[in-house]
Amino acid sequence: MTTERSLPQRSPTRTIAWSLVVSMAASIGLGVVYALGGQPQLEGALLFFALGGIAAAFIVWGGNLLPQGPYVQERHPLTSGPAEQEEATETFEEGAETLERRRLLIRLLTGAFVALGAALVFPVRSLGERPGGSLFGTAWRRGSRVIDENDKPVRPEDLDVGGVVTVFPAGNNGSADSQTLLIKLAPGEYRPRRGRETWAVGDVVAFSKVCPHAGCPVGLYEPDTHRLFCPCHQSVFAVLDSAEPTSGPATRQLPQLPLALDADGYLVAQSDYTEPIGPGFWNRDR
Amino acid sequence: MILRTIAFFDERLGVSRFVRSSLDKVFPDHYAFLLGEIALYCFVVLIGTGIFLTFFFNASSTEVVYHGDYHPLVGATMSDAYRSTLDLSFSVRAGLVMRQVHHWAALVFIAAIVAHLCRVFFSGAFRKPRELNWMVGVTMLILAIFNGFSGYSLPDDLLSGTGLRIAFSIAESIPLIGTWIAFLVFGGEFPSHRITGRLFVTHTLIVPALLVALISVHLAMVWRQKHTQFPGDGHTEDTVEGPKLWPTYAMKSLGLFFAVAAVLCLLGGLFQINPVWLYGPYHAAQVSSPAQPDWYMGWLEGALRLFPPWEIRAFGFEIPNPFFPAVFLAGLTFLGLYAWPFLEAWATRDRAVHHLLDRPRDHPFRSALGAATLSFYAVLFFAASNDLLAKWLKVRVTTITLLFRIAVFVVPAVVFLLTHRLLRALARSGAPRFSEMSRHALRKGFRPAGPLSGGTGPSP
C-alpha cells in the first residue's frame with residue numbers, strides 16, 4: 001500500500017458524507033423552488049443532485065466499505081435427470097389415460113371450447129365498424145361546394161397562379177378522407193389525361209391530399225417545378241402529369257377531383273373521386 | 001426486531017432458508033451486466049412518473065377550445081387529450097419535468113434493452129440453458145417499443161397524429177384481413193374518436209402489466225439459473241464468483257438505481273423533449289415537416305422511406321407497398337430474434353449447457369453476423385432522416401435515398417467481412433485487446449487462408 005492511501009478508510013467515508021449532504025441540500029432546494037412556483041430546469045437539476053448524491057454514496061459505500069469477495073458458489077445442475085423426467089411423464093400419462101377413457105366427453109369438451117372460442121369473436125367484432133364501403137368513397141358529392149379551412153367558398157380567381165389551398169366539401173370541414181388540394185396553374189399548363197379534359201376549371205385542378213403510400217397529407221408544393229411532396233416518406237408527385245409519382249415509395253397517382261362552377265361562380269365538385277383515395281388495401285381494386 | 005420479522009414470516013410461510021440463501025447469493029461483477037439493470041430502473045422511473053401523469057392526462061378526443069397558459073394556442077380547437085397535455089406542461093407545478101423525465105426514461109429504457117440484447121448476443125449468453133429467457137427478453141423489447149409508440153401518440157399532437165395515420169395505413173396493408181384489423185383496432189375509419197382512449201388503457205394498464213409479469217419471470221429465471229460470467233480469472237462452468245447480494249451487491253445496485261434516476265431527471269429537466277406545443281394540435285389535413293418519430297421507430301420509418309415503389313396487384317387484390325417494409329420486415333426481425341438461439345444451436349450442433357460467456361472473438365461468425373445486422377438497422381435508422389440529410393448536405397432527396405438503397409446492402413456486407421477478419425486476427429494473435437495487437441497479426445487475420453466459418457467453436 002502506498003503512502004497516499006495510508007488512510008484507506010477515511011476518504012470513501014468523506015466522499016459518502018459529502019454526497020449525502022449535497023443530496024439533502026438539493027432536496028431542500030427542490031422544496032424551495034417548488035414553493036416559489038416551480039422552474040423546470042432547476043427542478044431537473046436539483047433532482048439530479050438529490051438522487052445523484054444518494055447514488056454516489058451507495059456506489060462508493062458498496063465499492064469501498066463492504067466485503068467484495070469474490071465469494072465462490074457452486075452451480076448445481078439445473079436438470080433433475082432422466083429418471084425424474086420419466087417419472088413426471090408417467091404421472092402425467094396416468095392421469096391422461098383416465099381422462100381418455102371418456103372419449104365422448106372429451107370430444108364434447110373440445111366442441112364446447114371451440115364453440116366458446118367462436119362465441120368470443122362476437123365481442124371482438126364490436127370493436128369497430130364494418131369497413132364496408134367507407135374506404136371507397138369520401139364526403140364529396142355531385143355539386144358539393146368547395147370550401148377552405150375557414151368555411152369560405154372558393155372561386156378560381158381567388159387563387160394566384162402557383163397558389164395552393166387545402167379545401168373540403170361544404171359541411172365536412174376538416175374531413176380526413178375528403179381533404180383536397182386546389183392548385184392554380186398558369187393558363188394552358190393543364191395537360192389532362194384522356195377523359196379528364198373537363199375536370200379543371202379556370203386553370204384550377206384538384207387532387208386528393210392523402211398520400212397513396214401511407215396516408216400522410218401531401219403538404220408541400222413547389223410551384224416552379226409543379227411538384228407535390230409528402231413530408232413523411234418523401235414521395236414526389238408531378239402535378240402536370242396527373243399527379244404521377246416520380247420518386248419515393250408511392251405507387252399510385254393522387255386521385256383527381258373533377259371540378260365545375262356553380263351559378264354564383266364558386267367551385268363545386270362534379271362528383272366524388274372516381275377511385276378510392278389514400279393508401280392501398282387488400283380489396284381496393286374490387 | 002429483524003429476528004421477530006423473520007420469525008413472523010417463517011412460522012407462516014417457512015421462508016428462513018430461502019431468505020438466508022438469497023442474502024448469500026453471489027452475483028458476478030462486470031460493467032456489461034449492468035445494462036439490463038439500467039433498463040429495469042428506467043422502467044421503475046417510467047412507472048413512477050407515469051402514475052403522476054395519469055392524474056392529469058385526459059384521454060379524450062372531445063373537441064375543446066383552448067384557454068390555458070400557453071398563449072400562442074389560446075383560442076385554438078383541439079382534443080381534450082392535447083389540452084390536458086398542455087395544462088400538464090404549463091399549469092401543473094413540476095408537471096413538465098415529470099412529463100419530460102417520463103419521455104426520456106422511455107427513450108433510455110429501450111436503448112438499454114437494445115444494448116443489453118447486444119451484450120447477451122455477442123457474449124453468447126442466450127445459449128442453453130438461457131434460450132427461454134432470451135425469448136422473454138425479445139418479447140419485452142417488442143412490448144417496450146409498442147408502449148413507446150402508444151405513449152407518444154397519446155397527446156394527440158400534429159406529429160404523433162400523423163404517426164397514427166401511418167400506423168392505420170400499415171394495418172390496412174396486411175393482406176386479406178388488413179382493413180378489418182385497422183377498423184377493429186382504431187374503432188372505425190381513421191381518425192376515430194375511440195383511439196385515444198384505447199391507446200391510453202393499453203399504454204397505462206395492459207402493456208405495463210405484461211411487462212411487470214415478464215420482468216418477474218426474467219429475473220426469476222436469472223435467479224434460478226444463476227448469472228453467467230466471462231471466462232478467465234479461474235472462472236469455471238461449475239461455479240459463480242462475485243460479491244454477495246447482501247449487503248454489497250444490493251447497495252451497489254441501489255446506487256445504480258439512484259444514478260439512473262438522477263441522470264433521467266437531469267435529461268428531463270434540462271433537455272427539451274417532445275415539445276408538443278410547438279407541433280400544434282392534430283388536424284387530419286395538416287402535417288409538420290420535417291417529421292421524425294422517436295429513435296426506436298427510426299428503422300421502420302427508414303424502411304418505409306427506402307423501399308422502392310413496388311407492390312403486388314393480381315386478380316383484383318393487392319398487397320400494398322407499406323406491407324413489405326413495415327409488417328414483413330418487423331415480423332422477420334422479431335422472428336429472427338426469437339429463433340436465433342435455436343438456429344445457432346442447430347447450425348453449430350452445440351447442445352451443451354454454457355455458463356461461461358464467449359468473448360466476441362471466440363465466435364467471429366456470430367459476432368460478424370450480429371455487427372452486420374446492427375449496421376443494417378443503423379442504415380435504416382439514418383435513412384429515416386433522408387430529408388434532413390438532403391437539406392444539410394444540399395443534395396436532392398432522391399440522390400440521398402438512392403445512396404441509402406445501396407448502403408442498406410453494401411454496409412452490412414462490408415461490416416460483416418471487416419468484423420469477421422478483425423476478430424479472427426484478434427483470436428489468432430492471442431492479444432487481450434485490439435490495441436495490443438501487432439500489425440503483423442492484423443495482416444495475418446485478413447489473409448484469406450484459414451477457416452472462414454468461425455461459428456463452429458471457439459478458435460484456438
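All chains are named by letter (A, B, ...) in the order of the sequence lines, taking the proteins before the strands, and each is independently numbered beginning at 1.
Among all heavy-atom pairs drawn from B/Thr248 and A/Gly62, the shortest one is CG2-O, 3.4 Å. Between A/Cys232 and B/Val287, the shortest heavy-atom contact is SG-CG2, 4.5 Å. Counting all heavy atoms, side chain and backbone alike, A/Ala45 lies closest to B/Leu266 at CA-CD1, 4.0 Å. The minimum heavy-atom distance between B/Val263 and A/Phe48, with the atom names listed, is N-CD1, 4.1 Å. In terms of heavy-atom proximity, B/Ala284 sits nearest to A/Pro217 at O-CG, 3.2 Å. The two residues B/Ser169 and A/Pro279 come nearest to each other via the heavy atoms OG-CG, 3.3 Å.
Residue contact with chain A, scored on non-hydrogen atoms closer than 4.5 Å, involves the backbone and the side chain of B/Pro247 alike. For a residue to count as touching a neighbouring chain, one of its non-hydrogen atoms must lie under 4.5 Å from one of that chain's; by this rule B/Ile170 does not touch chain A. Looking at B/Leu304, the atoms closer than 4.5 Å to chain A (heavy atoms on both sides) sit in the backbone and in the side chain alike.
Between B/Glu318 and A/Arg252 there is a salt bridge, with a side-chain nitrogen of the basic residue lying less than 4.0 Å from a carboxylate oxygen of the acidic one.
Between chain A and the residues B/Met251, B/Glu311, B/Glu172, B/His355, the most heavy-atom pairs under 4.5 angstrom are made by B/Met251. Across A/Thr180, A/Val33, A/Leu66, the residue that shares the most heavy-atom pairs under 4.5 angstrom with chain B is A/Leu66. Among A/Gln234, A/Gln68, A/Gln39, A/Gln41, the residue making the largest number of heavy-atom pairs under 4.5 Å with chain B is A/Gln234. In terms of heavy-atom pairs under 4.5 angstrom with chain B, the leader among A/Cys216, A/Gly38, A/Gly44, A/Ser175 is A/Gly44. Of the listed residues (A/Ala176, A/Ala250, A/Ser134), the greatest number of heavy-atom pairs within a distance under 4.5 Å of chain B belongs to A/Ser134. Heavy-atom pairs under 4.5 Å with chain A peak, among B/Arg224, B/Lys25, B/Arg198, at B/Arg198.
The stretch residues 120-132 of chain A places A/Val124, A/Arg125, A/Leu127, A/Gly128, A/Glu129, A/Arg130, A/Pro131 near chain B, each with some heavy atom under 4.5 Å from a heavy atom of that chain.
In this pair, B/Phe317 and A/Trp282 present their aromatic rings parallel. The plane angle is below 30°, not in the 30 to 60° band.
Using a 4.5 Å cut-off on side-chain heavy atoms (C-beta onward), B/Gln286 and A/Thr166 make no contact. Side chains of B/Lys252 and A/Phe58 form no contact here, defined as non-hydrogen atoms less than 4.5 Å apart. Side-chain contact between A/Arg284 and B/Arg313 is absent, with no heavy-atom pair separated by less than 4.5 Å. Considering only heavy atoms from C-beta on, A/His213 comes within 4.5 Å of B/Asn321 through its side chain. Considering only heavy atoms from C-beta on, B/Lys226 comes within 4.5 Å of A/Gln73 through its side chain. Between B/Cys265 and A/Leu51, some side-chain heavy-atom pair lies under the 4.5 Å cut-off.
Interatomic distance, A/Tyr34 OH to B/Arg93 CZ, rounded to the nearest 0.5 Å: 5.5 Å. A/Phe229 contributes atom CZ, which lies 11.5 Å from atom CG of B/Asp387 (distance to the nearest 0.5 angstrom).
Residue B/Trp180 places its CH2 atom among more than 12 non-hydrogen atoms of other residues, nucleotides or ligands, all under 6.0 Å distant.
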Working for side chain to side chain contact (heavy atoms under 4.5 Å, CB included), residues A/Leu135 and B/Phe183: CA-CA 10 Å; A/Leu135 290 174; B/Phe183 275 64; 3.9 Å; yes
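Listed by first and then second residue, the salt bridge (Lys or Arg N to Asp or Glu O under 4.0 Å) pairs involving residues 39-54 of chain A amount to none (not counting sequence neighbours).
No side-chain donor-acceptor contact under 3.5 Å links A/Arg75 to the backbone of B/Val240. No donor-acceptor pair closer than 3.5 Å links the side chain of B/Arg305 to the backbone N or O of A/Pro249.
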